[in-house]
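First comes the structure, then the notes that go with it.
In each ligand, atom 1 is the first atom listed, and ligand 1 is the first ligand listed. Because the structure is a prediction, the values reported are computed rather than measured. What you see below is based on every heavy atom in this structure, not just the backbone, and it leaves out hydrogens, waters and symmetry mates.
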Amino acid sequence: MKITVEDIHLGYNRRVAVDGVSFTVEPGEMVAIVGPNGSGKSTLLRGMSRLQKPSSGRVCLNGTDIRAMSARQVARNLAILAQSPDAGSDLTVRELVFRGRYPHQGILQRVTAADIEAVEWAMEAADTAQFASRSLGSLSGGERQRAWIALALAQQPQVLLLDEPTSFLDISHQVEVMHLLRRLNHEGMTVVAVLHDLVLAARFADRVIAMRAGRMEFDGPPVEVLEPDGLERVFGIPMMILTDPETGLPIPLPRPDPLLCPVAHTGSPLSPLAAPPS
Ligand code: ADP
């Protein structure tokens with residue numbers, strides 16, 4: 001399914017958070033959104049679902065404005081995993097994941113064999129089946145994160161939006177989640193994920209969109225757009241790009257600061273921090 005963002009503006013009261021952003025994600029594409037804190041990434045993602053209403057512009061699924069669709073219709077096609085989602089901590093993982101089936105259930109909300117199958121598949125895919133009966137409150141941050149991913153998958157969406165799906169995860173689970181997203185993506189799911197980790201974005205995304213101060217700074221394949229000047233403009237620090245010897249993909253890194261990196265240390269004195277308040 002194709003998702004189109006047309007000149008979208010989003011904000012909070014009078015504060016502008018997303019200031020005229022447009023792009024299209026084709027069916028089966030995987031796009032990473034990167035950018036510094038406060039640049040509008042989460043707001044943009046919320047605007048792409050029905051969570052936040054744009055002050056102008058529109059978002060379309062296969063050409064239909066999501067505002068012209070019911071919340072249920074949108075939820076049958078699009079799932080969003082927002083940042084630090086909230087649910088009762090007494091809820092078990094299985095109960096949480098079942099919530100992903102609501103958009104597919106009839107008015108009687110009878111659980112069908114298809115619901116059970118989708119929930120079991122989603123818990124397996126997100127590596128949560130082993131703690132299906134445990135309460136959310138008893139899980140580690142990473143385990144809880146995977147339970148939320150399972151919830152989104154149980155919805156069986158054609159478009160999946162994720163806000164920092166790898167935060168709280170150790171490196172093996174980060175890679176596992178990215179592999180899972182890539183696999184779903186190969187099977188036809190359109191995936192848009194806000195990622196903090198530029199290395200993961202470069203390795204797994206077909207396209208990287210960078211946000212800065214509510215606007216899009218660049219949009220393109222990682223090999224074309226991840227270069228020092230663009231990244232420096234976006235993040236405001238000196239950056240460098242290595243090349244992955246196995247894939248040829250860029251590995252963006254902050255340039256080492258000679259004063260702070262032990263190996264490159266030149267012996268110049270560090271300027272003192274301001275004294276703490278007494
Ligand atoms: P990012 O995801 O890139 O960190 P956000 O979309 O969360 O950025 O925030 C963009 C801007 O909107 C920031 O200036 C932030 O302070 C502001 N903002 C975000 N959420 C709210 C809110 N609930 N109320 C008021 N301002 C908000």
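In this structure, the side chains of L180 and D127 stay at 4.5 Å or more apart for every pair of heavy atoms. When side chains are defined from C-beta on, S42 does not count as touching V194, because their heavy atoms never get closer than 4.5 Å.
At a cut-off of 3.5 Å, with distance as the only test, a side-chain donor of H9 or S56 sits close to an acceptor on the other residue.
Sorted by first and then second residue, the side-chain hydrogen bond (donor to acceptor under 3.5 Å, both in side chains) pairs with a member in residues 24-34 read E29-R207; sequence neighbours excluded. Applying the side-chain hydrogen bond (donor to acceptor under 3.5 Å, both in side chains) test to pairs two or more places apart or on separate chains, those with a residue in residues 225-242 are E217-R233.
Counting non-hydrogen atoms of other residues, nucleotides and ligands closer than 6.0 Å to CZ of R76 gives a total above 12.
Remark: R212 does not engage D19 in a salt bridge, criterion side-chain N to carboxylate O under 4.0 Å.
For atom 3 (O) of ligand 1, the closest non-hydrogen atom of the protein is K41 NZ, 2.8 Å. In terms of protein heavy-atom proximity, atom 18 (N) of ligand 1 is nearest to Y12 CE1, 3.3 Å. Nearest protein heavy-atom neighbour of atom 1 (P) of ligand 1: G38 N, 3.4 Å. Protein heavy atom in closest approach to atom 8 (O) of ligand 1: G40 N, 3.2 Å. Protein heavy atom at the shortest distance from atom 7 (O) of ligand 1 is S42 CB, 3.8 Å.
Heavy-atom separations between P36 and ligand 1 include at least one value shorter than 4.0 Å. Not close to ligand 1: G35, with no non-hydrogen atom less than 4.0 angstrom away.
Residue-ligand proximity, S39 to ligand 1, at heavy-atom distances under 4.0 Å covers atoms 1 (P), 3 (O), 8 (O). Below 4.0 Å from some heavy atom of A17 lie the following atoms of ligand 1, by number and element: 10 (C), 11 (C), 12 (O). With ligand atoms numbered from 1 in the order given, ligand 1 contributes 4 (O) to contacts under 4.0 Å with heavy atoms of N37. Near T43, the atoms of ligand 1 lying under 4.0 angstrom from a non-hydrogen atom of the residue are 5 (P), 6 (O), 9 (O), 10 (C).
With rounding to the nearest 0.5 angstrom, the CZ atom of R146 is 9.0 Å from the CG atom of L139.
Remark: atom 15 (C) of ligand 1 lies closer than 4.0 Å to no protein heavy atom.
Checking side-chain atoms of D244 against main-chain N and O of P250 turns up no donor-acceptor pair under 3.5 Å.
Looking at R15 against ligand 1, only its side chain comes within 4.0 Å, counting heavy atoms.
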